[in-house]
There are 2 protein chains.
Amino acid sequence: MGSLSERKKKILKAVIVNYTQSAEPVGSRTVARGYRIGLSSATIRNEMADLEEMGYLEQPHTSAGRIPSDKGYRYYVDHLMEGVQLTSEEKKAIKNLLNAEKIREIEKIILNAARVLSLSTNYTALIMGPQFQKAAFKQMRILPLSEKQGLVVLITDTGFIKNKIIDLPYSLTPSELHQVVNYLNHKLYGLTIDQVTTSLINELKRDLFRRLEILEQAFLLLEESLKEEEQVRVYLGGTTNILNQPEFKDVEKVRSLFSLFEQEALLSRLLENSSDAEQVVVNIGRENKLQDIHECTLVTATYSIQDKMLGTMGILGPTRMEYCRVIGIINYLVDYLNLILSTPNR
Amino acid sequence: MGSLSERKKKILKAVIVNYTQSAEPVGSRTVARGYRIGLSSATIRNEMADLEEMGYLEQPHTSAGRIPSDKGYRYYVDHLMEGVQLTSEEKKAIKNLLNAEKIREIEKIILNAARVLSLSTNYTALIMGPQFQKAAFKQMRILPLSEKQGLVVLITDTGFIKNKIIDLPYSLTPSELHQVVNYLNHKLYGLTIDQVTTSLINELKRDLFRRLEILEQAFLLLEESLKEEEQVRVYLGGTTNILNQPEFKDVEKVRSLFSLFEQEALLSRLLENSSDAEQVVVNIGRENKLQDIHECTLVTATYSIQDKMLGTMGILGPTRMEYCRVIGIINYLVDYLNLILSTPNR
DNA sequence: TTTAGCACTCGATTAGCTTGAGTGCTAATA
DNA sequence: TATTAGCACTCAAGCTAATCGAGTGCTAAA
């Protein structure tokens with residue numbers, strides 16, 4: 001597949017670079033003039049015809065220039081693109097934006113990261129919040145609210161905090177409650193939320209029954225607050241950025257994209273797909289599973305805290321995207337975020 | 001101002017009703033045919049010319065029909081519109097949607113209400129979350145996370161729960177911490193968050209100093225978690241609904257509207273404006289302060305818990321809106337929501 | 001193998017024409 | 001006096017034809 005002649009590579013690259021900027025089909029003459037290839041437009045024309053036949057370029061109509069196909073972009077990303085380092089100003093800008101305040105809550109950090117990502121790329125940022133299910137149990141507390149209600153506070157090792165109001169079984173005295181909570185904290189410490197399955201809970205339940213003779217209902221709280229398949233939150237930034245792109249001058253496209261944005265479940269599946277990979281993943285056009293973004297590219301990367309993968313972030317833009325810039329930025333941001341998150345006393 | 005002849009009223013109403021459905025300028029013939037006024041188109045033409053001169057109607061261009069002006073809609077809303085009761089099916093549908101699960105957390109209820117509101121009106125719903133500042137302090141707790149960090153949990157009487165991670169002054173022993181918390185709970189109980197001003201905190205600080213000789217830093221937590229002017233959250237529902245309206249076939253308008261949607265601060269100010277009023281408030285077109293929604297109507301109402309005003313909800317659609325339906329729905333939803341929220345053990 | 005040259009294609013733009021919904025005005029009518 | 005019928009007029013929208021020009025493919029010469 002990497003078997004394109006040097007000349008074809010140069011031309012393909014020229015077409016992509018030009019099209020990325022102009023959003024207009026690129027003609028042979030433009031390539032001949034602008035990119036120091038030292039060939040006449042006629043020759044380039046022939047090469048471009050070849051590239052089209054091979055599937056790297058497309059022609060909107062007979063008498064127009066060429067635009068890159070998904071396959072063309074793919075080749076560009078895999079073989080032609082030069083990784084670009086951010087300038088130190090850009091880096092500084094990102095750091096500044098991200099550090100506006102000393103923030104400890106992970107959710108706010110992530111919300112902020114989405115903002116930064118969209119601002120610095122001018123595309124739309126999607127960030128999947130920490131996957132609650134995969135975090136490890138750190139501690140829980142129950143604060144009594146009234147006779148019959150309590151507030152469960154659940155804290156994971158990744159700094160995720162979850163509240164849930166529950167009904168308390170009337171027969172629990174404060175000290176019994178305390179005992180239950182202590183017992184659970186002891187037993188569950190370090191397990192991932194996934195591991196705290198119903199069966200484990202049932203087991204503990206039996207155990208506790210014997211020891212403390214506490215009402216079964218006491219356990220509904222944990223089940224309730226854990227089992228409830230919590231949708232992973234996806235934070236969006238710069239959703240309107242994409243409206244600046246000429247490919248979205250049609251309201252129909254805008255609608256289909258924005259209704260996707262409204263469906264968190266779909267978004268999180270979209271991001272989850274890429275979440276195994278170590279590196280930055282680029283999904284170009286129809287490589288994406290969802291119809292609605294068949295004309296978009298989604299660049300994703302995962303962020304983590306002390307080597308434990310937390311979630312995925314992505315940039316969504318038109319396939320005609322500034323690939324190297326975006327990849328550079330997302331790379332830098334992920335690294336920096338990992339650093340922040342892993343700093344012990346952040 | 002209510003001094004329109006009966007005939008003019010009928011005609012104005014006919015124009016508005018028709019335009020609301022068709023989104024096309026309404027001609028004299030259409031009015032004569034469809035609305036049993038018993039007058040010829042010529043007469044109606046004359047009346048419509050009068051109405052235009054008076055500012056209730058507008059003409060996009062000479063040879064087109066008339067469309068209502070903001071003033072026309074205003075008159076309609078104030079004098080001509082018949083309040084429409086929802087059918088019992090509609091009511092049932094709303095109840096079902098809202099009650100999908102037994103939900104206790106107020107935030108989720110509100111999020112859900114936004115969904116319901118947008119689904120049943122087909123416009124965009126904005127709901128301002130509970131105004132933290134105006135809620136009354138109920139209790140606070142501090143859960144130690146590590147040596148140096150603690151989690152402040154703050155609960156208001158309106159069921160709002162707020163977490164914040166803070167740095168603990170190293171010199172506090174658990175029991176000292178406990179004492180401080182108890183003292184604060186005692187002192188602050190029942191005050192609104194607004195009332196817990198810095199000066200009160202300072203006062204308490206002096207007080208505590210004397211009694212417990214506890215480090216000043218212990219107080220940073222409260223200040224930090226309260227003073228931080230927490231932006232009121234605004235929840236959106238059905239943002240894409242508005243894209244179905246023909247008045248938004250132009251991407252420019254979509255962009256300006258959606259970038260407004262991204263700015264929570266602006267949205268909350270928008271809703272706050274109407275938040276004194278008891279009743280449903282209708283802001284038509286240019287009556288709205290923000291340029292971006294000069295072609296929209298915002299219908300708002302406030303919801304409360306046991307007569308304490310919590311927040312505002314609104315419906316945003318084109319000025320050509322089904323006023324009576326929207327007002328009926330928002331009225332019903334607010335009443336119902338108030339009922340749910342005020343039920344003691346919800 | 002490359003290039004110059006040329007005929008050809010086809011979207012985009014413009015201008016002119018037609019259509020039709022709707023108006024305003026006037027004169028006739030109830 | 002209020003209403004209506006009739007008619008000339010207006011103007012956006014839609015259609016067609018003509019023009020323009022960027023860009024192509026092909027051919028023949030270098």
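Letters go in sequence order (proteins before strands), and every chain restarts at 1.
Partners of Asp50(B) according to the salt bridge (charged side-chain N to carboxylate O under 4.0 Å, His left out) rule, which considers only residues two or more places apart in sequence or in another chain, are Lys8(B). In this structure Arg320(A) satisfies the salt bridge (charged side-chain N to carboxylate O under 4.0 Å, His left out) test together with Glu247(A), sequence neighbours excluded. Take Glu52(B) and apply the salt bridge (charged side-chain N to carboxylate O under 4.0 Å, His left out) test, not counting sequence neighbours, and it matches Arg66(B). Among residues two or more places apart in sequence or in another chain, the salt bridge (charged side-chain N to carboxylate O under 4.0 Å, His left out) test is passed with Arg33(B) by none.
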Provide a list of protein-nucleic acid N or O atom pairs under 3.5 angstrom, restricted to nucleotides 7-10 of chain C.
from, atom 1, to, atom 2, distance (Å)
dT9(C), O2, Ser63(A), OG, 3.1
dC10(C), OP1, Thr62(A), OG1, 3.2
dC10(C), O4', Ser63(A), OG, 3.2
dC10(C), O2, Ser63(A), OG, 3.1

Below 3.5 Å is the cut-off: list the nitrogen or oxygen pairs between protein and nucleotides 1-5 of chain C, distance only.
from, atom 1, to, atom 2, distance (Å)
dT2(C), OP1, Arg7(A), NH1, 2.7
dT2(C), OP2, Arg7(A), NH1, 3.4
dT2(C), OP2, Arg7(A), NH2, 3.4
dT3(C), OP2, Ser40(A), N, 3.2
dT3(C), OP2, Thr43(A), OG1, 2.6
dG5(C), O6, Arg45(A), NH2, 3.1

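Computed from coordinates, the Ile44(B) CD1 to dA2(D) P distance equals 17 Å when rounded to whole Å. If you take CD of Glu47(B) and P of dG24(C), they are 12 Å apart, rounded to a whole angstrom. Rounding to whole angstrom units, CE of residue Met48(B) and C1' of dT3(D) are separated by 17 Å. dC7(D) atom P lies 16 Å from atom CZ of Arg29(B), rounded to whole Å. Rounded to whole Å, atom C1' of dG22(C) lies 16 Å from atom CD1 of Ile11(B). Taking atom CD on Gln59(A) and atom C1' on dG25(D), their separation rounds to 10 Å, with Å as the unit. Between the CD atom of Glu58(A) and the P atom of dG23(D) there is a distance of 18 Å, rounded to whole Å. A straight line from CG of Leu57(A) to P of dG23(D) spans 14 Å, rounded to a whole angstrom.
Listed by first then second residue, pairs satisfying salt bridge (Lys or Arg N to Asp or Glu O under 4.0 Å) with a partner in residues 282-301 of chain B read Arg74(B)-Glu287(B), Lys253(B)-Glu295(B), not counting sequence neighbours. For residues 234-255 of chain A, there are no ring-ring contact (aromatic ring centres under 6.0 Å, His included) pairs, not counting sequence neighbours. Note on residues 236-246 of chain B: no pairs pass salt bridge (Lys or Arg N to Asp or Glu O under 4.0 Å), not counting sequence neighbours.
Ion pairing between Glu252(A) and Arg255(A) holds under the 4.0 Å rule for side-chain N and carboxylate O. Of the charged side-chain nitrogens involved, at least one lies within less than 4.0 Å of a carboxylate oxygen, so that Glu6(B) and Lys9(B) count as a salt-bridged pair.
The phosphate of dT24(D) has OP1 or OP2 within less than 4.0 Å of a side-chain N or O from Arg66(A).
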